[in-house]
> 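Here's a structure for you.
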Amino acid sequence: MYSDLVIGREQMNFGGDARRVIAVHESGHAVARVLSIGRVGITNENAIRWIEMDCGTPHCSVFELPLNMPGLKEFGEREGIREGVWPTVEEWRKLFSFMGINPLEWASVRLFEITAGAAAQAKFTSVSFDLVWHDDGCSDDRQKAIETWQRIGLNEPEARALFVERSKEACTVMDETDVWRAVLTLAERLPTTGRMPGDTVVSIVQNALREA
């Protein structure tokens, strides 16, 4: 229950500069996350933990929910929600209520940032979003998307509709000049190996978004 989410633990198999493709993909996740600051408990301080670019395990690491907020653990214990045991949909509803977060809005934000990696990669490689999304390299993203709508209890038609809406928005956002500049700027700055701290990532993205 208190674990962090790893977005985009992938190895891409598209042609060209593979490392740059990976950097653009991870930067897409990160930029979408920064664009979501101010929603569902996301702040400058907790938006991104780090981006790691080690060979074989590149990922953008974030906290999916503010599960360390004061009193939440005690609330969970009172409600019989045990740490280390995945909560039921009803238990998640109780946790969302305690955190003051609308579950549907949270899922909407999550799907936007999850799909933004594939959206950025699709734009960079000039292929369709669907082709990238269904590639083996996005298997982790697909699993996280499924976990997102399962967590709030969406049925298949509801989940599909929300996914289509948010993935289309992610693709549309990548066509905005300032957003794409932020993606490419961050991709260029990511280290060849090791981690870039989250506060550095947020600073780079926000500065790029503000450039004239």
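When a residue number appears, it is its place in the shown sequence, counting from 1.
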> Does one hydrophobic cluster hold both Phe112 and Leu104, with members joined at side-chain heavy-atom distances below 4.5 Å?
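Yes.
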> Pair Met99, Leu67 - check side-chain contact (heavy atoms from CB on, under 4.5 Å), show working.
CA-CA 8 Å; Met99 291 182 283; Leu67 295 176; 4.0 Å; yes
> Is Glu176 salt-bridged to Arg181, cutoff N-O under 4.0 Å?
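The answer is no: the pair does not qualify as a salt bridge.
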> Does Arg189 CZ have over 12 foreign heavy atoms under 6.0 Å away?
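At most 12 heavy atoms, drawn from other residues, nucleotides or ligands, come within 6.0 Å of this atom.
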> For Arg93, is there any backbone N or O sitting under 3.5 Å from a side-chain donor or acceptor partner on Ser97?
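No, Ser97 side chain to Arg93 backbone: no donor-acceptor pair under 3.5 Å.
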> Mind listing the closest non-hydrogen atom pair of Met53 and Pro191 along with its distance?
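Met53 and Pro191 have their closest heavy atoms at CB-O, 3.3 Å.
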> Phe129 and Ile146: same hydrophobic cluster, using ILVMFWY side-chain contacts below 4.5 Å?
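Same hydrophobic cluster.
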> Which pair of non-hydrogen atoms, one from Ile37 and one from Asn44, has the smallest distance, and what is that distance?
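Taking Ile37 first and Asn44 second, the nearest heavy atoms are CD1-OD1, 3.3 Å.
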> Could you label the plane-to-plane angle of the Phe124 and Trp180 rings as parallel, tilted or perpendicular, counting under 30° as parallel and over 60° as perpendicular?
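The arrangement is tilted - the two ring planes meet at 30° to 60°.
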> Measure the spacing between CD of Glu52 and CZ of Arg195 and express it to the nearest 0.5 Å.
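Going from the CD atom of Glu52 to the CZ atom of Arg195 covers 4.5 Å.
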> Applying side-chain contact (heavy atoms from CB on, under 4.5 Å) to Val201 and Arg49, what does each step give before you reach the verdict?
CA-CA 9 Å; Val201 174; Arg49 298 179 70 197; over 6 Å; no
> I'd like to know if the side chain of Thr125 and the backbone of Gln121 have a donor-acceptor N/O pair within less than 3.5 Å.
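At least one qualifying donor-acceptor pair exists.
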> For a 4.5 angstrom cut-off between non-hydrogen side-chain atoms, does Glu147 reach Arg110?
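In short, these two side chains do not touch, never coming nearer than 4.5 Å.
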> Once rounded to the nearest 0.5 Å, what's the spacing between atom CD of Glu64 and atom OG1 of Thr148?
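Here the interatomic distance stands at 7.5 Å.
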> Salt bridge (Lys or Arg N to Asp or Glu O under 4.0 Å) for Glu74 and Arg78? Distances and angles first, verdict last.
CA-CA 6 Å; Glu74 291 75 15; Arg78 290 197 302 272; over 6 Å; no
> Verify, without hydrogens or angle tests, whether Arg33 (side chain) and Ala47 (backbone) share a donor-acceptor contact under 3.5 angstrom.
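Judged by distance alone, yes, a pair lies under 3.5 Å.
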> Please lay out, stage by stage, how Arg210 and Asn207 fare under the test side-chain contact (heavy atoms from CB on, under 4.5 Å).
CA-CA 5 Å; Arg210 286 194 291 262; Asn207 287 337; 2.6 Å; yes
> In the single-linkage hydrophobic clustering (I, L, V, M, F, W, Y; side-chain heavy atoms under 4.5 Å), do Phe98 and Leu95 co-cluster?
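Same cluster: Phe98 reaches Leu95 through Ile, Leu, Val, Met, Phe, Trp or Tyr contacts under 4.5 Å.
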> Looking only at atom types and distance, does a side-chain atom of Glu91 sit under 3.5 Å from a main-chain N or O of Thr88, one as donor and one as acceptor?
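Judged by distance alone, yes, a pair lies under 3.5 Å.
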> Measuring only between side-chain heavy atoms, which start at C-beta, is Cys138 closer than 4.5 Å to His25?
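Cys138 reaches His25 side chain to side chain.
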> Hey, does Trp50 have a side-chain heavy atom less than 4.5 Å from the side chain of Pro197?
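They are not in side-chain contact.
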> With clusters defined by side-chain heavy atoms of hydrophobic residues (ILVMFWY) lying less than 4.5 Å apart, directly or transitively, does Trp86 cluster with Leu72?
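Per the 4.5 Å side-chain linkage, Leu72 and Trp86 are co-clustered.
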> Mind listing the closest non-hydrogen atom pair of Ala145 and Ile114 along with its distance?
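Heavy atoms of Ala145 and Ile114 come nearest at N-CD1, 4.0 Å.
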> With side-chain contact (heavy atoms from CB on, under 4.5 Å) as the criterion, how do Asp141 and His29 come out once you've worked through the C-alpha distance, each side chain's angles and the decisive distance to 0.1 Å?
CA-CA 10 Å; Asp141 287 347; His29 287 308; 3.3 Å; yes
> Measure the shortest side-chain to side-chain distance between Trp92 and Leu65 over non-hydrogen atoms and say whether it is less than 4.5 angstrom.
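A side-chain contact under 4.5 Å exists here.
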> Begin from the C-alpha positions of Arg82 and Glu77 and carry the test salt bridge (Lys or Arg N to Asp or Glu O under 4.0 Å) through to its verdict.
CA-CA 6 Å; Arg82 291 180 295 166; Glu77 290 172 350; over 6 Å; no
> Do the rings of Phe96 and Trp106 sit parallel, tilted or perpendicular, given the 30° and 60° boundaries?
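Phe96 vs Trp106 ring planes: tilted.
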> If every non-hydrogen atom of Val183 is compared with every non-hydrogen atom of Ala120, which pair is closest and at what distance?
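Shortest heavy-atom contact: CG1-CB, 4.3 Å.
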> Does this structure show an ion pair linking Lys94 with Glu90, if we count only N-O contacts that are shorter than 4.0 Å?
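Glu90 and Lys94: not salt-bridged.
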> For Arg142 and Asp135, indicate whether the former's side chain and the latter's backbone hold a donor-acceptor pair under 3.5 Å.
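Confirmed, Arg142 side chain pairs with Asp135 backbone.
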> Does Phe63 reach the side chain of Ile42, with side-chain heavy atoms less than 4.5 Å apart?
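Answer no - side chains too far apart.
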> Do Leu186 and Ile51 make a side-chain contact, defined as non-hydrogen atoms from C-beta onward lying under 4.5 Å apart?
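Yes, side chains in contact.
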> Would you give the length of the straight line joining atom NE2 of His134 to atom OG of Ser128, rounded to the nearest 0.5 angstrom?
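OG of Ser128 is found 8.5 Å from NE2 of His134.
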> Where is the tightest heavy-atom contact between Ile101 and Gly41, given as atom of each residue plus distance?
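Between these two residues, the closest heavy atoms are CD1-N, 4.5 Å.
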> Judged by modelled atom types alone, do Thr43 and Asn46 share a side-chain donor-acceptor pair under 3.5 Å?
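Their side chains do contain a donor-acceptor pair, which is all the 3.5 Å distance test asks for.
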> Can you measure from CD (Glu26) to CG (Leu190) and round to the nearest 0.5 angstrom?
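Output value for this atom pair is 8.5 Å.
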> I need the Thr177 OG1 to Leu209 CG distance, nearest 0.5 Å.
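Rounded to the nearest 0.5 Å, the OG1-CG separation comes to 11.5 Å.
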> Check whether Ser27 reaches the backbone of Ala23 with its side chain - one donor and one acceptor, N or O, closer than 3.5 Å.
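Such a contact is found between Ser27 side chain and Ala23 backbone.
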> Answer yes or no: is there a side-chain heavy-atom contact under 4.5 Å between Val34 and Val31?
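They are not in contact (no side-chain heavy atoms under 4.5 Å apart), so the answer is no.
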> Rounded to the nearest 0.5 Å, what separation is found between the OG atom of Ser61 and the CD1 atom of Ile48?
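With rounding to 0.5 Å, OG (Ser61) is 9.5 Å from CD1 (Ile48).
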> Can Arg39 and Glu113 be counted as an ion pair, charged N to O under 4.0 angstrom?
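The answer is no: the pair does not qualify as a salt bridge.
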> Which atom pair, heavy atoms only, marks the closest approach of Ser167 to Thr115?
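Looking at all heavy atoms of both residues, the shortest contact is CA-OG1, 3.6 Å.
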> In terms of hydrophobic clusters joined by side-chain contacts under 4.5 Å, are Val40 and Met69 together?
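Cluster IDs for Val40 and Met69 match.
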> Within the 4.5 Å heavy-atom criterion, are Ile204 and Glu188 side-chain neighbours or not?
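No; the side chains remain at least 4.5 Å from each other.
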